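Here the structure is a predicted model, which is why all the values come from computation and not from measurement.
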Amino acid sequence: MISRRKFLKIFGAGTVATTAAMVGCKDSKTEQMEEEYKNQVEPPVGKMTYRLNPKTKEKVSLLGYGMMRLPTVGGKASARESEEEIDQEQVNRLVDYAMEHGVNYFDTSPAYCQGHSEESTGIALKRHKRSEYFVATKLSNFKEETWSREESVKMYKESFKNLQIDYIDYYLLHSVGQGGMERFENRYLKNGMLDYLLEERRAGRIKNLGFSYHGDIAVFDYLLSKHDQYQWDFVQIELNYLDWDYADEINERNTDARYLYGELQKLNIPAVVMEPLLGGRLANLPQYLAVKLKQRNPQKSIASWAFRYAGTPGGVLTVLSGMTYMEHLKDNLLNYCPLVPLKKDDEIYLYDIAKQIVGIEMIPCNDCNYCMPCPYGIDIPGIFVHYNKCKNEGTLPRDKQSPDYRKYRRQYLIGLDRAVAPERQPDHCIQCGQCEPHCPQNIKIPRELGKLSEMIEKLKREG
């Protein structure tokens, strides 16, 4: 049974529990999610759903472990808090439990957890037979100083050392499309890195070569047009029931998953799915939408709908989830041990939910932390997550004539102070813009922080 204290530790002040913590009582959503974890059953062993890699004929678990948000000794996700040490013992336990239940795909990057994810992943996996797992990592040469061939090759070779392996199962060009074609050419073509990686695949040190896509669709289309030359083994895309038809409405720089998946299917390229929960947003729906899903299937969590949706298409090789705590891992295992594919009427029902979500204006932050660390200490994702949570729940203090305005104003300000330290709030942003090129969702981060700073200052004055 999960205690309230542990529940708040799991979900944090920036997610579902903030309002309840501020007023000293539980709201209905908090109670509902606590109840789900209280009643959580043990996932069965030996029931994992697998998909076949069409090139290697190897079986890949439909649930992939995203090693982006690893637990830390202090209890916070290390992807955000660089000062906290990764809790390696807990990572080992999570990896052991995942593998015991059939998970064999582990996705990491030199950029995750402030540069420590690969090393932690390598330590956890080294305790198992190499034939029992697949490792995916990336050439995350985001910074201009890493665009040279020398620096990029150095990053590539460092991954082998950190992961303690002599071949990489799945290697990706990380976040192509972000920054457009010119940036892509500088990172991978002009420096000869793509040709180098193709040679590494031929030498067997890379078993499968692909790319993850965010941003400019011209880059995605270009790479697929070169499939005869590059022979992509897989492509990682954002796919969920909101992005299927509404990605470009959430963010004009994004592309609908229906198109991305469809283009991959034409070429028989397996899709690896990222962001099945859109950074947690599809697990923390507005109450009236969450109630609809619970009424349709009271035994399943809200998040389970998104995971089953992402795993249903046959062209999906694996669905990645960043699982910080055992409760998250168990819930996801229950969805894929085995997968019960969604029926057509379930998908239609979810598309109706998606249509209603689109009507709620949000900052399209997926809490990926690529913008971090901020050189001036701003907790960018924490600020956006708190705003989106209040927007989601309809508690933003907008209308001064509303009878709830004073209550919502107080809740927003107190909740922000609890979620984000005062010295890391948006009024400390100097608009340097260093964060913006790193955002996969192409958010105008300095602009949004400026708008929030003005809003917060106004709320304080009105007190």
Side-chain angles (χ1 to χ4, degrees), residues 4 7-8 11-33 80 242 249-251 278-292 302 353 356-367 371 374 377-431 435 441 443-463:
R4 174 168 172 74
F7 176 80
L8 294 180
F11 290 99
T15 52
V16 299
T18 305
T19 303
M22 285 189 296
V23 298
C25 62
K26 301 178 186 179
D27 61 17
S28 55
K29 181 183 285 189
T30 303
E31 289 178 335
Q32 169 191 304
M33 295 186 74
R80 176 176 297 171
L242 185 57
E249 294 191 35
I250 300 169
N251 187 322
L278 261 182
R281 278 184 280 170
L282 298 184
N284 296 300
L285 297 177
Q287 184 63 27
Y288 70 98
L289 295 178
V291 166
K292 286 185 176 184
I302 302 302
I353 296 287
Q356 296 179 65
I357 295 172
V358 171
I360 306 171
E361 293 181 11
M362 309 275 278
I363 298 171
C365 173
N366 289 348
D367 196 19
C371 58
C374 166
I378 313 301
D379 185 357
I380 300 166
I383 293 163
F384 289 164
V385 164
H386 178 70
Y387 173 85
N388 283 340
K389 174 194 172 297
C390 295
K391 181 74 176 178
N392 222 1
E393 295 178 349
T395 61
L396 273 183
R398 292 292 198 189
D399 183 6
K400 292 181 71 173
Q401 306 305 316
S402 167
D404 293 321
Y405 178 79
R406 292 182 64 188
K407 179 179 75 172
Y408 290 162
R409 173 194 160 277
R410 180 175 180 274
Q411 286 180 356
Y412 188 90
L413 293 176
I414 294 176
L416 179 64
D417 283 345
R418 291 187 176 184
V420 180
E423 66 273 13
R424 304 188 70 187
Q425 291 184 13
D427 58 321
H428 290 266
C429 174
I430 68 164
Q431 302 286 303
C435 51
Q441 302 301 321
I443 301 169
K444 304 295 183 186
I445 295 174
R447 184 186 68 186
E448 295 296 337
L449 289 175
K451 287 162 60 177
L452 288 177
S453 180
E454 290 179 11
M455 183 190 87
I456 292 164
E457 182 58 32
K458 182 181 177 183
L459 293 176
K460 289 178 178 178
R461 286 199 308 268
E462 290 172 352

Can you confirm whether N388 sits close enough to N284 that some side-chain heavy atom of one is under 4.5 Å from a side-chain heavy atom of the other? no

Spacing of CG belonging to L396 relative to CG belonging to L459, to within rounding of 0.5 Å: 9.0 Å

CD of E462 to CD of E457: how many Å apart, nearest 0.5 Å? 10.5 Å

Nearest 0.5 Å, what's the CZ-CD distance between R418 and Q411? 10.5 Å

Contacts of D417 meeting side chain to side chain donor-acceptor pair (under 3.5 Å) (sequence neighbours excluded), chain-then-number -> Q425

Expected output: side-chain D367 to main-chain P381 donor-acceptor under 3.5 Å: no

Restricting to non-hydrogen atoms, name the atom on K460 and the atom on R409 that form the minimum distance, rounded to 0.1 Å. O-NH2, 3.9 Å

Atom of I380, atom of C435 and distance for their closest heavy-atom approach: CD1-CB, 3.8 Å

List the atom of C371, the atom of I445, and the distance in Å for their closest heavy-atom pair. CB-CD1, 3.9 Å

Apply side chain to side chain contact (heavy atoms under 4.5 Å, CB included) to residues I456 and D427 and explain how you reach the verdict. CA-CA 9 Å; I456 292 164; D427 58 321; over 6 Å; no

Nearest heavy-atom pair of C429 and I378: which atoms, and what distance? N-CD1, 3.6 Å

So how far is it from H386 NE2 to I363 CD1, rounded to the nearest 0.5 Å? 11.0 Å

Gap between atom CG of L242 and atom CD1 of I353 - 0.5 Å precision: 11.0 Å

Using 4.0 Å as the upper bound for N to carboxylate O, is an ion pair formed by E448 and K451? yes

What class does the angle between the rings of Y387 and Y412 fall in, given that below 30° is parallel, 30 to 60° is tilted and above 60° is perpendicular? perpendicular

Shortest non-hydrogen contact from I383 toward V420: N-CG2, 3.9 Å

Nearest 0.5 Å, please: how far is CG in D404 from CZ in R406? 12.0 Å

